[in-house]
Amino acid sequence: MPHAIRIHETGGPDVLKWEPVEVGEPGPGEVRLRHTAVGLNYIDVYFRTGLYPPPGLPSGLGLEAAGVVEAVGDGVTEVAVGDRVAYASPPLGAYAEARLMPADRVVRLPDAIDDRTAAGMMLQGLTAWYLLHRTYPVKAGDTLLIHAAAGGVGLLVCQWAKHLGATVIGTVGSDEKAELARAHGCDHPIVYTRERFPDRVREITAGEGVPVVYDSIGKDTFEDSLDSLRPLGLMVSFGNASGPVPPLDLQLLSAKGSLFITRPTVMTYTARREDLLAGAQALFDVVQKGVLKVAVNQSWPLAQAAEAHKALEARQTTGSTVLTV
Ligand SMILES: NC(=O)c1ccc[n+]([C@@H]2O[C@H](COP(=O)([O-])OP(=O)(O)OC[C@H]3O[C@@H](n4cnc5c(N)ncnc54)[C@H](OP(=O)(O)O)[C@@H]3O)[C@@H](O)[C@H]2O)c1
């Protein structure tokens with residue numbers, strides 16, 4: 001019988017349980033996947049702790065994996081038995097050896113992209129894609145600020161933004177992470193545990209500020225991120241690794257220069273299949289051309305997902321992390 005990580009309650013890493021699961025046959029529009037590699041993402045921590053409530057309990061966990069199509073239900077046209085595929089999508093349950101999945105959420109993998117790379121890049125790579133191409137379309141000559149620049153999303157954003165001709169300012173938690181971010185295209189790493197990043201951003205931009213901040217840290221960085229923007233700049237608040245942003249007084253946006261704000265999620269930007277395929281194609285292109293190197297810097301066996309969660313929350317990981325099946 002296949003096994004999966006399940007949670008019966010929300011809480012610390014110890015709520016992750018390795019259990020046998022019944023997978024069954026795919027219904028109409030579904031496929032059964034045999035996973036080969038599973039992606040670890042910060043959003044998995046939010047669902048585990050209950051910051052984002054799972055739809056019900058007990059629940060599976062995880063939104064990203066690569067594998068092979070083992071069976072298809074009625075009406076499935078997107079993929080066929082034997083295809084190598086990957087996904088970054090609900091429903092929760094990617095932390096599993098095998099599972100059912102809606103076929104329209106799954107994309108075929110090119111031969112040149114191996115399963116470990118795919119599991120390490122789908123969710124974070126599609127995020128980098130929509131942030132840089134859809135939320136604020138980055139142009140050559142732009143200067144942008146990205147937080148956690150040495151993390152999974154961060155290293156991909158640095159490389160892709162640099163390729164688009166931007167100057168990249170990135171915050172990181174240590175000197176080692178600063179070097180890693182720099183090696184991936186970050187022009188100005190700032191160790192924000194030591195330096196006040198809005199001051200450094202003003203220095204780097206000759207007092208002007210940046211047109212866009214991509215902020216996934218949340219509570220600890222929110223106001224300083226607003227203070228890094230130029231007038232009419234765009235605050236992209238796309239995560240809460242330090243905790244959720246408290247309710248916002250809209251007057252603050254006026255006082256700090258008629259700022260714009262958005263709170264996006266990759267799920268909206270890939271909800272329509274045509275958008276999912278456009279994003280995946282753009283991502284596969286830059287990976288195959290070597291523009292993006294997917295740094296899978298850690299892996300744990302899937303059954304030991306709790307150890308991976310502990311490392312991620314303790315800021316000990318860099319780049320992407322894969323759980324091996
Ligand atoms: N909205 C979306 O569509 C979307 C999609 C994907 C990811 N995200 C968000 O993007 C962020 C990055 O995701 P990821 O999976 O690539 O993770 P990650 O960046 O690899 O890991 C999180 C990083 O956040 C930094 N951090 C700062 N304060 C922290 C704290 N108090 N606790 C833990 N970490 C802290 C750490 O880097 P330093 O030590 O360098 O500070 C840590 O390594 C997450 O907030 C995630 O929720 C959002």
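What you are looking at is a predicted structure, and each value in this text was computed from that prediction instead of being measured. In what follows, every heavy atom counts, from backbone to side chain, and hydrogens, waters and symmetry copies are set aside.
- Between the side chain of S59 and the backbone N or O of P54, no donor-acceptor pair lies under 3.5 Å.
- Contact record, P110 with Q288: CB-NE2, 3.6 Å, taken as the closest heavy-atom pair.
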CA sep, side-chain torsions, deciding dist, call: S237, D215, side chain to side chain donor-acceptor pair (under 3.5 Å):
CA-CA 5 Å; S237 174; D215 184 333; 5.7 Å; no
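- In this structure the side chain of V23 reaches within 4.5 angstrom of the side chain of L100, judged on heavy atoms.
- Ring-plane geometry between Y52 and Y46 is classed as tilted, the angle between the planes lying from 30 to 60 degrees on a 0 to 90 degree scale.
- The backbone N or O of L123 sits less than 3.5 Å from a side-chain atom of T127, completing a donor-acceptor pair.
- If you look at H309 and Y42, their ring centroids are not closer than 6.0 Å.
- At distances below 3.5 Å, at least one donor-acceptor pair connects side-chain atoms of D114 with backbone N or O atoms of T117.
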Side chain to side chain contact (heavy atoms under 4.5 Å, CB included) between V168 and I146, worked out
CA-CA 7 Å; V168 181; I146 171 83; 3.9 Å; yes
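- Under a hydrophobic clustering in which Ile, Leu, Val, Met, Phe, Trp and Tyr are joined whenever their side-chain heavy atoms come within less than 4.5 Å, directly or via other members, L234 and L259 fall into different clusters.
- Of the possible donor and acceptor atoms, none in the side chain of N240 sits under 3.5 Å from a partner among the backbone N and O of S242.
- Not a single donor-acceptor pair under 3.5 Å links the side chain of R273 to the backbone N or O of E78.
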Test side chain to side chain donor-acceptor pair (under 3.5 Å) on N297 and T318 and set out the steps.
CA-CA 6 Å; N297 288 350; T318 59; 2.9 Å; yes
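- Ring planes of Y269 and Y130: parallel class, angle under 30° (limits at 30 and 60°).
- At distances below 3.5 Å, not a single donor-acceptor pair connects side-chain atoms of D175 with backbone N or O atoms of A178.
- Criterion: ILVMFWY side-chain heavy atoms under 4.5 Å apart, direct or through other members. Under it, V69 and V325 are not part of a common hydrophobic cluster.
- One side chain, Q298 or T321, offers a donor N or O that lies under 3.5 Å from an acceptor on the other.
- One finds no salt bridge joining R99 and E70 here, because no Lys/Arg side-chain nitrogen approaches an Asp/Glu carboxylate oxygen to under 4.0 Å.
- Salt bridge D275/R134: present, at least one basic N to carboxylate O contact under 4.0 Å.
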Stepwise side chain to side chain contact (heavy atoms under 4.5 Å, CB included) test for L126 and L276
CA-CA 8 Å; L126 287 169; L276 171 64; 4.0 Å; yes
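- Under a 4.0 Å N-O distance rule, the pair E25/R32 qualifies as a salt bridge.
- For the pair V15 and R48, the tightest heavy-atom approach, listed with the atom from each and the gap, is CG2-CG, 3.7 Å.
- The hydrophobic cluster containing V213 does not contain Y136, counting ILVMFWY residues as joined when their side-chain heavy atoms lie under 4.5 angstrom apart, directly or transitively.
- Under 4.0 Å is where a charged nitrogen must lie from a carboxylate oxygen, and between R202 and D227 no such pair does.
- Minimum heavy-atom separation, W160 to A128: CE3-CB, 4.0 Å.
- Two different hydrophobic clusters hold V212 and L248 under the rule that ILVMFWY side chains link at heavy-atom gaps under 4.5 Å.
- Although no hydrogens or angles enter the test, the distance criterion places no donor-acceptor pair under 3.5 Å between the side chain of Q316 and the main chain of L312.
- With hydrogens and angles disregarded, no donor-acceptor distance shorter than 3.5 Å links the side chain of R105 to the backbone of S89.
- Between Y95 and H35, the gap from one ring centroid to the other reaches at least 6.0 Å.
- Across every non-hydrogen atom of G60 and L92, the tightest pair is O-CB, 3.6 Å.
- Both V266 and L277 are part of a single hydrophobic cluster, where members link through side-chain heavy atoms under 4.5 Å apart.
- Ionic pairing of R108 and D83 is present here: one or more N-O contacts between side-chain nitrogen and carboxylate oxygen are shorter than 4.0 angstrom.
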Walk me through it: do F197 and I169 pass the test side chain to side chain contact (heavy atoms under 4.5 Å, CB included)?
CA-CA 10 Å; F197 69 82; I169 307 175; over 6 Å; no
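- Listed for the T167 side chain is no donor-acceptor partner under 3.5 Å among the backbone atoms of T143.
- A salt bridge links D199 with R196; the closest basic N to acidic carboxylate O contact falls under 4.0 Å.
- Proximity of a side-chain donor or acceptor of T193 to a complementary backbone N or O of G173 within less than 3.5 Å is detected.
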